[in-house]
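Presented below is the structure to which this report refers.
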There are 2 protein chains.
Amino acid sequence: MLTERQRLILNAIVDDYIRSAEPVGSRSISKRGDVGFSPATIRNEMADLEELGFLEQPHTSAGRIPSHKGYRYYVDHLEPIYEALPTELRSLRTYFAEKLNATEQVIQHAAMILSHITNYTSILLGPEVFHTSLRHFQLLSLNETTAVAIIVTSTGQVESKTVAIPAGVSVSDMEKVVNLLNSKLVNVPLYKLKSSLYRELGQEMQRHLTHFEEIMGILDNIFVDTETDQRVYLSGATNMLNQPEFKDVDKVKDILDLLEETPTLTKMMAATQGSAGIQVRIGTENDHEAFANCSLITATYSLDGEALGTIGILGPTRMEYARVMSLLGILSNDLTKMLSKLYK
Amino acid sequence: MLTERQRLILNAIVDDYIRSAEPVGSRSISKRGDVGFSPATIRNEMADLEELGFLEQPHTSAGRIPSHKGYRYYVDHLEPIYEALPTELRSLRTYFAEKLNATEQVIQHAAMILSHITNYTSILLGPEVFHTSLRHFQLLSLNETTAVAIIVTSTGQVESKTVAIPAGVSVSDMEKVVNLLNSKLVNVPLYKLKSSLYRELGQEMQRHLTHFEEIMGILDNIFVDTETDQRVYLSGATNMLNQPEFKDVDKVKDILDLLEETPTLTKMMAATQGSAGIQVRIGTENDHEAFANCSLITATYSLDGEALGTIGILGPTRMEYARVMSLLGILSNDLTKMLSKLYK
DNA sequence: CGTTAGCACTCGACTAAGATGAGTGCTAAC
DNA sequence: GTTAGCACTCATCTTAGTCGAGTGCTAACG
């Protein structure tokens with residue numbers, strides 16, 4: 001749909017704009033060398049590209065900047081030519097040298113490093129409940145009325161919750177319940193835990209226990225989070241402030257506010273989780289007004305062929321797509337390899 | 001050291017400046033009503049106050065703003081006259097209505113609400129290791145080479161760590177160790193855990209176990225964090241961006257960067273933990289250049305008479321001291337009461 | 001016919017000069 | 001001791017003018 005020359009010029013404009021954050025003029029494109037035409041010719045093509053919606057003009061006498069559509073085209077036709085620098089690779093892989101052996105720690109650490117070397121914000125969605133199952137359940141009383149419930153998942157995550165034990169419920173009753181859960185519900189996926197509880201154990205428990213209602217109430221309370229709880233970690237949120245387009249506090253405020261809102265983040269990250277590989281969402285494709293000038297690049301990491309979680313890099317729409325995509329690719333590969341080594 | 005009139009004028013200036021964030025002139029003080037003197041008289045006093053170091057002048061023809069010394073005087077002589085508004089009290093206490101029964105959750109929630117109603121940033125230092133002890137220790141194997149160690153503290157906090165089990169170490173060996181720990185080290189304060197491990201169990205373990213060295217290595221690895229690990233929670237960090245003094249991105253960047261650095265935060269909060277009651281650190285008293293224009297107000301909450309943790313509110317030096325101090329006072333009281341009800 | 005040189009035009013960014021006014025310090029009078 | 005009066009300072013705002021990067025159009029060129 002675009003001629004070869006148009007493609008070349010669009011590419012050059014996006015490249016330049018990514019580097020400089022300033023509108024790009026026809027003369028500077030001509031001088032780059034890789035487009036061997038005079039400014040006048042380039043101007044003509046630029047006018048066409050603007051009419052087609054790939055470019056925008058902040059005002060009449062300024063250069064052009066890519067529109068969202070322009071970025072989209074650029075990304076879709078990007079050849080993955082970026083070669084990660086040795087220093088980047090080295091820092092990206094330092095965490096393999098350290099003795100980390102918890103999924104969460106490894107991934108968290110990786111995301112931190114990623115935000116450092118890219119100078120963007122990294123968002124990380126922890127292992128997904130859909131793919132983790134119950135490994136062990138335990139109840140530990142702290143005093144007469146309070147106890148801690150501990151849930152260990154198949155990936156080694158530990159969730160805990162303090163619960164109140166109603167008067168009248170005996171220790172032996174609770175022990176029975178815990179044993180029952182451990183014998184019947186181990187290896188059940190977390191998101192099915194609550195339903196399995198009723199279906200498989202309801203009758204049996206009602207037979208053996210005196211305070212059935214109260215105990216079910218407690219268990220409900222313990223498992224209520226397991227259905228939705230996905231941990232989100234942020235790293236380098238303040239890197240947003242480095243971008244010249246956000247030098248105005250009001251613009252960046254909305255973004256940082258949104259980043260503080262865990263549920264929104266979870267939702268946004270989860271939305272990309274459908275398809276594997278590296279995903280790019282540009283500007284308004286993120287469905288959040290605050291992110292209208294941001295792009296989010298995500299990659300999933302997996303264990304056993306199944307997507308476990310997502311790592312995302314958030315930056316301005318004018319972000320270094322090639323570099324970030326390449327780095328994310330390397331990382332998600334390494335992570336997947338490492339996880340399978342840990343848990344196979 | 002200051003005359004009554006000087007005190008009155010200083011108070012008025014600080015009050016006005018807190019409200020308006022603009023240098024305060026002599027005329028506006030005179031018009032307030034509570035200082036019944038003409039602008040000229042007030043100007044004379046202001047000149048004296050400036051010479052004494054309580055006030056500063058941004059430039060010759062501007063009004064005065066309080067210096068750090070001025071704020072300090074203001075805070076030290078502040079009569080706690082602020083009456084919390086009914087709406088403030090109500091939202092501050094909503095979390096008591098909800099059924100929360102984990103220390104951490106309650107406090108975290110409280111800090112969140114506090115940052116909302118004050119429009120400042122709240123920082124929260126979780127229960128201190130100095131005052132929590134081991135309640136239960138457990139090791140749960142995930143597969144042949146990996147296991148999860150779970151530590152439950154006397155306040156119901158759960159810490160977990162995934163560890164690698166070296167080949168050759170048998171399950172029964174590990175079981176022996178776990179039993180030994182649970183029988184000998186329960187109720188030992190967390191920060192003494194590592195030393196007690198060597199002193200009390202070293203010999204006995206060496207006698208009974210085959211792979212003593214390896215096992216001690218694992219335990220070391222598990223307990224290494226317990227000596228220092230204090231969780232820090234942040235809420236409303238972006239509220240900093242609302243303050244007119246931080247409308248310049250460069251100024252606020254350093255602050256937000258520092259807030260992202262957990263260890264620094266921990267240290268800063270821990271520094272205030274010495275004395276009980278409400279503490280105020282103004283400007284450079286915080287020992288961090290980035291916080292030179294910020295004040296930190298902290299309160300400790302306690303269980304059983306011993307300080308457990310700290311809640312802090314961070315704002316510009318020009319912050320509403322009276323209001324925040326009063327709210328923090330109410331909250332730390334309520335929290336202390338609630339905790340003792342939960343764990344007694 | 002595609003490409004390019006030339007040129008008038010646009011418009012934001014920067015600069016300088018002047019006006020405004022809030023606020024001060026000083027002096028003299030009450 | 002207090003206050004009115006007044007000259008002075010200086011950041012902020014406004015206006016006008018200049019500059020220059022970049023455009024769109026036209027005409028010439030191979």
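Per chain, numbering begins at 1; letters A, B, ... match sequence-line order. These numbers were taken from a predicted model, which means no experiment stands behind them.
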Margin query: Could you tell me the Watson-Crick or G-U partner of dA28(C), where both distances fall under 3.5 Å? Say none if there is no partner.
Written below: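 Partner of dA28(C): dT3(D).
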Using a strict heavy-atom distance below 4.0 Å, which residues from residues 18-35 of chain A are in contact with DNA chain C?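 Going residue by residue through residues 18-35 of chain A, none turns out to have a heavy atom under 4.0 Å of DNA chain C.
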query = Which ones in residues 39-48 of chain B lie close to DNA chain C, meaning a heavy atom under 4.0 Å from one of its atoms?
reply =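 Result for residues 39-48 of chain B: Arg43(B), Met46(B), sorted by number.
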Want to settle it: does Gly63(A) or Phe37(B) sit nearer the 5' end of DNA chain D, counting the closest nucleotide to each?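 Per heavy-atom nearest nucleotide, the more 5' residue is Phe37(B).
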Worksheet item: Is a side-chain donor-acceptor pair under 3.5 Å present for Asp257(B) with Thr238(A)?
Response: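 Checked: Thr238(A)/Asp257(B) side chains pair up, N/O donor to acceptor below 3.5 Å.
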Check: Which residues satisfy the side chain to side chain contact (heavy atoms under 4.5 Å, CB included) test with Ala47(A), sequence neighbours excluded?
Finding: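 Testing Ala47(A) for side chain to side chain contact (heavy atoms under 4.5 Å, CB included), a comparison that skips the adjacent residues, returns Arg64(A).
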List in chain and number order the residues that pass side chain to side chain contact (heavy atoms under 4.5 Å, CB included) with Asn119(B), two or more places apart in sequence or in another chain; answer none if no residue qualifies.
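Asn119(B) satisfies side chain to side chain contact (heavy atoms under 4.5 Å, CB included) with Asn239(B), Asn242(B) only.
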Check your understanding: Pick from Lys31(B), Met46(B), Glu45(B): which one makes a side-chain contact (heavy atoms from CB on, under 4.5 Å) with Ser26(B)?
Key ->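 So the option named by the test is Met46(B).
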Ile123(A) pairs by side-chain contact (heavy atoms from CB on, under 4.5 Å) with which of Ile313(A), Leu234(A), Ile311(A)?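 Exactly one candidate clears the test, Leu234(A).
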Start and end of chain B contact along DNA chain D [non-hydrogen atoms, under 4.0 Å] =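 Contact boundaries, 5' end first: dT2(D) to dA11(D).
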Worksheet entry | Side chains of Leu114(B) and Leu328(B) in contact at under 4.5 Å (non-hydrogen atoms) |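 They are in side-chain contact.
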**Q.** Beyond-backbone contact of Phe37(A) with Ile9(A), side-chain heavy atoms, under 4.5 angstrom
**A.**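 Not in contact.
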Notebook entry, point to check: Would you call the rings of His288(B) and Phe291(B) parallel, tilted or perpendicular if under 30° counts as parallel and over 60° as perpendicular?
Noted result: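 Because their plane-to-plane angle is over 60°, the rings of His288(B) and Phe291(B) count as perpendicular.
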- Measure from NZ or CZ of Lys69(B) to the centre of the six-membered ring of Phe54(B) and say whether it is under 6.0 Å with the direction within 45° of the ring axis.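 Yes - Lys69(B) lies over the ring of Phe54(B), closer than 6.0 Å to its centre and within 45° of its axis.
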Anything under 3.5 Å between a protein N or O and an N or O of nucleotides 12-19 of chain C, put it in a table, one pair a line.
none

Check: Rounded to whole angstroms, how far apart are CZ on Arg64(B) and C1' on dG23(C)?
Finding: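 In whole Å, dG23(C) C1' lies 9 Å from Arg64(B) CZ.
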